[in-house]
Protein chains: 2
Amino acid sequence: MKKSLADRIEQYLKVLISRSDDKSIEIQRIELAETFDCVPSQVTYVISTRFTEKEGYITESRRGGCGYVRIRQSSPQLADSALEYIDLFAFIDELKLRQLLNHREAEMIKYLAVNICADLPREYRAKINADMVKALYNYLQM
Amino acid sequence: MKKSLADRIEQYLKVLISRSDDKSIEIQRIELAETFDCVPSQVTYVISTRFTEKEGYITESRRGGCGYVRIRQSSPQLADSALEYIDLFAFIDELKLRQLLNHREAEMIKYLAVNICADLPREYRAKINADMVKALYNYLQM
DNA sequence: CCTCTTTTGACTTTATTTGACCTTTAGTAT
DNA sequence: ATACTAAAGGTCAAATAAAGTCAAAAGAGG
């Protein structure tokens, strides 16, 4: 699959973030544009479509001399206590969005969940939903 | 009985899927249409009539630049009764040996299994063990 | 001839790329 | 302090690149 320029920039930034100590990076828009040989607004486009709050990122910037764009991966707002009431599938989708699970992992876990619950008494299904959410939450150290 | 264009495209895609590592392919609608010298919507037609969820396929797509259509074969429902008695952890290790699961996946599934079973009545634990073995067996299309 | 499937193409929606123009900030000269 | 200037980043809309939709036309089989 050929990657679009936007995809490549996204990937590059995500690698930088993942390697950073504090899940936060500071870049210069122009510099990055030069690295990828594109117009600066391409960078703005990538940030505004792929590093949204919904996907768990917070951005700040400053114009003018010594300007910058900072992207920070926000820690999830999910409190441990609220986890019980979250739908497992929605939770998995959210984890995928945040790239804590890849596509295959997400699908596999969903598949396992469905099959485990398939003919289990109703009262245990909710429990398994909750336990899986909690287990994922813990395993991924969120 | 002469094969229709739709039939030929279907066959072509199924060969590609069967040859793929992960039973999943990514194509460009336009490109495929060019290959078969037809309109792009013909491809959409084939996918929507022959690669339905009911027939065990899941599709995703993206429009715009570098768009694609991904078709994934979801696993068939084989129920092998002998699987019931296999220990889940041993089974996972075996899958890892055969490189059907990577380390992270194996560990994550074990972690989930332990946490799901943690305080479930004894009689359901064996069932979950068996269901997970079966689900993995099916999911990985062994 | 009638029905169901296939083929086609016009139109719609979504995603990406590019560039012209706007705003903010820091530094410098007066 | 004030005004000017250069150096950022922001906005927005046009151009381009895909895929989706839908219905009409064409074809196949009974």
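Order of the sequence lines sets the chain letters (A, B, ...), proteins ahead of strands, with each chain counted from 1.
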### Query
Can you check the B/I47 CD1 to C/dT7 P distance for me, whole Å?
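About 14 Å, once rounded to whole Å.
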#### Entry: Euclidean distance, atom CD of residue B/E26 to atom P of D/dA18 [Å, nearest integer]
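Computing the B/E26:CD to D/dA18:P distance gives 13 Å.
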### Query
Looking only at side-chain N and O atoms, does B/T44 come under 4.0 Å of OP1 or OP2 in D/dG20?
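The answer is yes; a side-chain N or O of B/T44 sits under 4.0 Å from OP1 or OP2.
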Determine the contact category for [X]: base if any of its heavy atoms lies under 4.0 Å from a base atom, sugar-phosphate if only primed atoms, P, OP1 or OP2 are that close, otherwise nothing.
X: A/R62; result: sugar-phosphate
X: B/S41; result: base
X: A/R50; result: sugar-phosphate
X: A/G65; result: base

### Query
Mapping B/V69 and A/S61 onto DNA chain D by nearest heavy atom, which one lands closer to the 5' end?
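Its nearest nucleotide being more 5', the pick is A/S61.
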### Message
Checking B/S24 against B/R70 for the side chain to side chain contact (heavy atoms under 4.5 Å, CB included) test, could you report, in this order, the C-alpha distance in whole Å, the side-chain angles of both residues, the deciding distance, and whether it holds?
### Response
CA-CA 7 Å; B/S24 132; B/R70 178 154 49 221; 4.0 Å; yes
### Query
Does any N or O donor sit under 3.5 Å from an N or O acceptor when you compare the side chain of B/R63 with the base of C/dT13?
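Pair found.
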### Query
OG1 of A/T52 to CD1 of A/I58: how many Å apart, nearest 0.5 Å?
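Here the interatomic distance stands at 11.0 Å.
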### Message
Distance alone, cut at 3.5 Å: any donor-acceptor contact between the side chains of A/Q73 and A/K14?
### Response
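Distance-only check fails for A/Q73 and A/K14.
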### Message
Does the structure place the NZ or CZ of B/K134 under 6.0 Å from the centre of the six-membered ring of B/Y139, at an angle of no more than 45° from the ring's axis?
### Response
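Not flagged: B/K134 not positioned over aromatic ring of B/Y139.
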